[in-house]
Amino acid sequence: MIQLYHVSKSFGTNAALSELDLRIRKGEFVFITGPSGAGKTTLLRLVFGAEDPTSGQILIDGINLSRISRSKLDLLRRKIGFVFQDFKLLNSSTVSQNVALALEVIGERRSSIRKRTHQALKAVGLAAKEQAYPLQISGGEQQRVAIARAIINDPLILLADEPTGNLDPDITREIMVLFRSINLRGTTVVIATHNKELLRDTDQRIVILNRGRIVS
């Protein structure tokens, strides 16, 4: 599903990633961890197609990202959901409007948008908060809105960058149960985190980065 071959990424003279080789199978649940600055976010952005590697090859679902046009890359990215650490919600829009935006930008029919938005919010336990605004709900609920927005297109891959970084332990456990339920439906899930408690009891694969290299 996700294949990286000798992938490096530099920003000026700073090497964020160096010679990464990584395979993530379809339907797998993988944690990417390591200290701050290890390259976790950069790795996710490369997989999402938001950044181009300085060298190396990235294949997503058999498609080489360096060999497709921008328009085809945009289509491929619709198969990838991304959950950001800071949620990236529009405070002036309702919960429902924030989630619906992912469908509006691709020109989905209005009737379909309403139905799928409700289904996505129901899946994350927020059907009753559709008309609330982000600042009227808790941090954990805001993260659930971000997850609903990321899964509304039924993505093949769900990427999450420090999705529990600002949440308390109880809410963190709830969010991880939600990610696991999404994974059990067949979605490949990749989570970047430095939360050691989150990793302590997991039976999922853990990839450890340090200074831009895979060390374990």
With clusters defined by side-chain heavy atoms of hydrophobic residues (ILVMFWY) lying less than 4.5 Å apart, directly or transitively, does [Y] cluster with [X]?
{"X": "Ile208", "Y": "Leu199", "value": "yes"}
{"X": "Leu167", "Y": "Leu89", "value": "yes"}
{"X": "Ile32", "Y": "Ile60", "value": "yes"}
{"X": "Ile191", "Y": "Ile182", "value": "yes"}
{"X": "Val83", "Y": "Val207", "value": "no"}

So, the side chain of [X] versus the backbone of [Y]: is there a donor-acceptor pair under 3.5 Å, distance only?
{"X": "Thr187", "Y": "Val189", "value": "no"}
{"X": "Ser8", "Y": "Glu19", "value": "yes"}
{"X": "Lys129", "Y": "Val95", "value": "no"}
{"X": "Gln57", "Y": "Tyr5", "value": "no"}
{"X": "Arg23", "Y": "Leu4", "value": "yes"}
{"X": "Thr193", "Y": "Asn195", "value": "yes"}

[atom1]/[X] to [atom2]/[Y] distance, rounded to the nearest 0.5 angstrom?
{"X": "Gln119", "Y": "Asp154", "atom1": "CD", "atom2": "CG", "result": "8.5 Å"}
{"X": "Leu59", "Y": "Gln3", "atom1": "CG", "atom2": "CD", "result": "5.0 Å"}
{"X": "Leu158", "Y": "Ile80", "atom1": "CG", "atom2": "CD1", "result": "10.5 Å"}
{"X": "Lys196", "Y": "His194", "atom1": "NZ", "atom2": "NE2", "result": "9.5 Å"}
{"X": "Leu20", "Y": "Ile214", "atom1": "CG", "atom2": "CD1", "result": "4.0 Å"}
{"X": "Leu76", "Y": "Ser69", "atom1": "CG", "atom2": "OG", "result": "10.5 Å"}

Quiz item: Salt bridge or not for Asp86 and Lys88, using N-O below 4.0 Å?
Solution: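 Yes, this pair counts.
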Self-check item: salt_bridge(Arg205, Glu28) N-O dist < 4.0 Å
Solution: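 Result for this pair is yes, salt bridge flagged.
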Quiz item: Is it the case that Glu130 and Thr94 place a side-chain donor and acceptor less than 3.5 Å from each other?
Solution: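 Side-chain D/A pair, Glu130 to Thr94: absent.
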Exercise. Would you please name every residue forming a ring-ring contact (aromatic ring centres under 6.0 Å, His included) with Phe87, sequence neighbours left out?
Key: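 Result, ring-ring contact (aromatic ring centres under 6.0 Å, His included) vs Phe87: none returned.
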Practice problem: Please say which of Glu108, Arg116, Arg78 ends up in a side-chain hydrogen bond (donor to acceptor under 3.5 Å, both in side chains) with Asn153. | Solution: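 Going through Glu108, Arg116, Arg78 one by one, the side-chain hydrogen bond (donor to acceptor under 3.5 Å, both in side chains) with Asn153 is satisfied by Arg116 alone.
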Quiz prompt | Plane angle bin for Phe31 and Phe29 - parallel if under 30°, tilted between 30 and 60°, otherwise perpendicular | solution =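 Tilted, since the angle between the ring planes falls between 30° and 60°.
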Return a table of donor-acceptor pairs under 3.5 angstrom between the side chains of residues 169-178 and protein atoms on other chains or two or more places apart.
residue	atom	partner	partner atom	Å
Asp170	OD1	Arg173	NH2	2.2
Thr172	OG1	Asp168	O	3.0
Glu174	OE1	Arg144	NH2	3.4

Exercise. Might you work through the side chain to side chain donor-acceptor pair (under 3.5 Å) test for Asn64 and Ser66, ending with a clear yes or no?
Key: CA-CA 6 Å; Asn64 192 319; Ser66 65; 2.7 Å; yes
Quiz item: Given the rule in the side-chain contact (heavy atoms from CB on, under 4.5 Å) test, do Ile113 and Glu104 qualify, once you have shown the distances and angles that lead to the verdict?
Solution: CA-CA 7 Å; Ile113 290 175; Glu104 290 172 353; 3.6 Å; yes
What pairs of donor and acceptor atoms, side-chain ones from residues 36-48 against any protein atom, are under 3.5 angstrom apart with sequence neighbours left out?
residue	atom	partner	partner atom	Å
Lys40	NZ	Gly34	O	2.9
Lys40	NZ	Pro35	O	3.1
Thr41	OG1	Asp161	OD1	3.2
Thr41	OG1	Asp161	OD2	2.9
Arg45	NE	Glu51	OE2	3.4
Arg45	NH2	Glu51	OE2	3.2

Quiz item: So among Leu101, Val99, Leu121, which one has a side-chain contact (heavy atoms from CB on, under 4.5 Å) with Ile152?
Solution: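 Checked Leu101, Val99, Leu121 against Ile152; only one passes side-chain contact (heavy atoms from CB on, under 4.5 Å): Val99.
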